[in-house]
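Structure first, then comments.
Small disclaimer: the values here were computed from a predicted structure and weren't measured.
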Amino acid sequence: MLIEAADVSFAYERHGRNVLDRVSLSIARGSIVGLLGPNGSGKTTLLRALSGTIVPDAGRITLDGRPISTLSRRELARRIAVVPQETHSAFDFSALDIVLMGRYPHLGAFELEGADDLAIARRAMAATATETLEDRRFATLSGGEKQRIVIASALAQASDVLLLDEPTASLDIAYQLEIAMLLTRLNRDRGTTMVVSTHDLNLAAALCTELVLLRNGRVLTQDTIGAALTPANIRALYGIDADVTMHARAGHITVVPVGRAR
């Protein structure tokens with residue numbers, strides 16, 4: 001396994017309770033693992049723990065068998081890239097500037113990006129179909145364009161793993177489809193391992209190879225799409241009844257909520 005979490009617990013001081021409660025999961029190399037759960041279930045906190053941004057109170061997380069607590073921030077950034085839910089720039093950077101930021105973990109102290117870094121950034125922009133946006137100011141881009149630029153920056157980081165926190169949040173349906181297709185292509189063509197937090201059950205069914213269901217900081221199950229997205233599991237996760245069917249034209253499971261569970 002590329003990443004493994006074993007009995008990971010974490011509590012924010014202001015909450016006084018575990019946001020993550022003995023969470024165990026495994027991420028295989030080349031997989032796309034979806035994190036599903038209601039608000040407050042611990043999805044974003046789990047991504048932060050997997051990226052090394054926060055240190056668990058208990059348990060351990062390993063990357064290729066090595067505890068991430070033993071890796072420096074630079075080493076971790078070379079292996080794991082994070083795509084946050086929202087990205088704001090306080091400065092008037094161009095799209096290319098934002099993508100080049102992904103090269104920082106590979107630069108020495110006070111070292112500037114060189115020709116190789118620029119070539120890597122431009123290849124990442126080509127992979128995300130954003131090369132025509134190179135000179136545009138990041139602040140002027142649409143939501144979908146910004147998200148593709150941030151993903152390009154993560155690719156320029158040349159990491160093994162992408163952790164994505166609700167990558168289609170606040171995007172219209174066309175951009176949602178565009179981002180899902182982009183992630184599928186990157187996984188297929190580059191073998192990029194991904195962990196994707198999302199509220200969209202149908203996106204998860206279309207994009208992911210397996211799912212982790214989280215509720216109240218605990219893992220209900222980690223399994224394949226067909227085994228995880230069942231009416232019983234959706235009821236346990238969200239307290240709703242849903243019809244779960246295979247959509248012949250889409251080629252994946254679809255979920256239609258029908259009402260609150262009684």
Side-chain angles (χ1 to χ4, degrees), residues 25-39 41 43-44 46-47 83-86 126-130 142-152 154-155 161-215 219-261:
L25 55 82
S26 56
I27 311 296
R29 190 179 303 276
S31 63
I32 305 180
V33 177
L35 299 182
L36 294 181
N39 290 332
S41 60
K43 300 188 299 299
T44 297
L46 179 56
L47 288 181
V83 177
Q85 187 176 145
E86 293 184 1
T128 54
T130 56
S142 70
E145 289 169 337
K146 285 180 178 178
Q147 195 69 321
R148 282 187 288 145
I149 289 295
V150 174
I151 292 171
L155 292 180
V161 183
L162 287 184
L163 305 180
L164 301 105
D165 192 3
E166 298 192 38
T168 60
S170 303
L171 299 182
D172 67 35
I173 193 167
Y175 282 130
Q176 290 178 24
L177 181 60
E178 182 180 283
I179 295 300
M181 292 172 64
L182 167 61
L183 297 178
T184 299
R185 187 176 75 249
L186 293 174
N187 174 260
R188 181 189 66 233
D189 296 347
R190 295 187 170 210
T192 306
T193 304
M194 302 180 191
V195 183
V196 183
S197 167
T198 181
H199 284 293
D200 190 332
L201 305 189
N202 291 305
L203 170 70
L207 175 64
C208 300
T209 53
E210 60 181 307
L211 298 176
V212 175
L213 308 187
L214 281 174
R215 184 171 179 84
V219 174
L220 294 184
T221 188
Q222 177 176 2
D223 217 322
T224 60
I225 301 298
L229 273 187
T230 65
N233 281 343
I234 293 170
R235 186 180 303 113
L237 197 62
Y238 296 105
I240 64 169
D241 288 323
D243 287 337
V244 180
T245 58
M246 174 60 71
H247 194 291
R249 186 176 178 188
H252 60 76
I253 284 174
T254 59
V255 178
V256 179
V258 295
R260 286 281 186 180

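Shortest non-hydrogen contact noted between S197 and P167 is O-CD, 3.6 Å. Considering all non-hydrogen atoms of both residues, G144 and Y175 come closest at CA-CD2, 3.6 Å.
Of the residues listed (V195, L35, L183), the one engaging L164 in a side chain to side chain contact (heavy atoms under 4.5 Å, CB included) is L183, and it is the only one.
The salt bridge (Lys or Arg N to Asp or Glu O under 4.0 Å) check on E178 picks up R148, with sequence neighbours excluded. Taking D241 as the reference, R235 meet the salt bridge (Lys or Arg N to Asp or Glu O under 4.0 Å) condition, with sequence neighbours excluded. Partners of T44 under the side chain to side chain donor-acceptor pair (under 3.5 Å) rule, at least two apart in sequence or in another chain, are D165. Listed by chain and residue number, nothing satisfies the side chain to side chain donor-acceptor pair (under 3.5 Å) test with S41 (two or more places apart in sequence, or in another chain).
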Just distance, no hydrogens or angles: give the donor-acceptor pairs under 3.5 Å from side chains in residues 186-194, sequence neighbours left out.
{"unit_1": "N187", "atom_1": "ND2", "unit_2": "G30", "atom_2": "O", "d": "3.0"}
{"unit_1": "N187", "atom_1": "ND2", "unit_2": "T192", "atom_2": "O", "d": "2.8"}
{"unit_1": "T193", "atom_1": "OG1", "unit_2": "G30", "atom_2": "N", "d": "2.7"}

What donor-acceptor contacts under 3.5 angstrom involve side-chain atoms of residues 219-230, with partners at least two apart or in another chain?
{"unit_1": "Q222", "atom_1": "OE1", "unit_2": "S26", "atom_2": "N", "d": "3.2"}
{"unit_1": "Q222", "atom_1": "NE2", "unit_2": "S26", "atom_2": "O", "d": "2.6"}
{"unit_1": "Q222", "atom_1": "NE2", "unit_2": "E210", "atom_2": "OE1", "d": "3.2"}
{"unit_1": "T224", "atom_1": "OG1", "unit_2": "A227", "atom_2": "N", "d": "3.4"}
{"unit_1": "T230", "atom_1": "OG1", "unit_2": "N233", "atom_2": "N", "d": "3.1"}
{"unit_1": "T230", "atom_1": "OG1", "unit_2": "N233", "atom_2": "ND2", "d": "3.4"}

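Between the side chains of H252 and N202, not a single donor N or O lies within less than 3.5 Å of an accepting N or O.
Looking at D243 and P231, their side chains never come closer than 4.5 Å, going by heavy atoms from C-beta outward. Put simply, the side chain of I149 does not reach to within 4.5 Å of the side chain of T128, judged on heavy atoms. Annotation: side chain of L36 is not in contact with side chain of V212 (no heavy-atom distance under 4.5 Å).
With hydrogens and angles disregarded, a donor-acceptor distance shorter than 3.5 Å links the side chain of T209 to the backbone of I32. Panel note: side chain K43, backbone L214; no donor-acceptor pair is recorded below 3.5 Å.
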Given side chain to side chain contact (heavy atoms under 4.5 Å, CB included), test V33 with L211 step by step and report yes or no. CA-CA 5 Å; V33 177; L211 298 176; over 6 Å; no
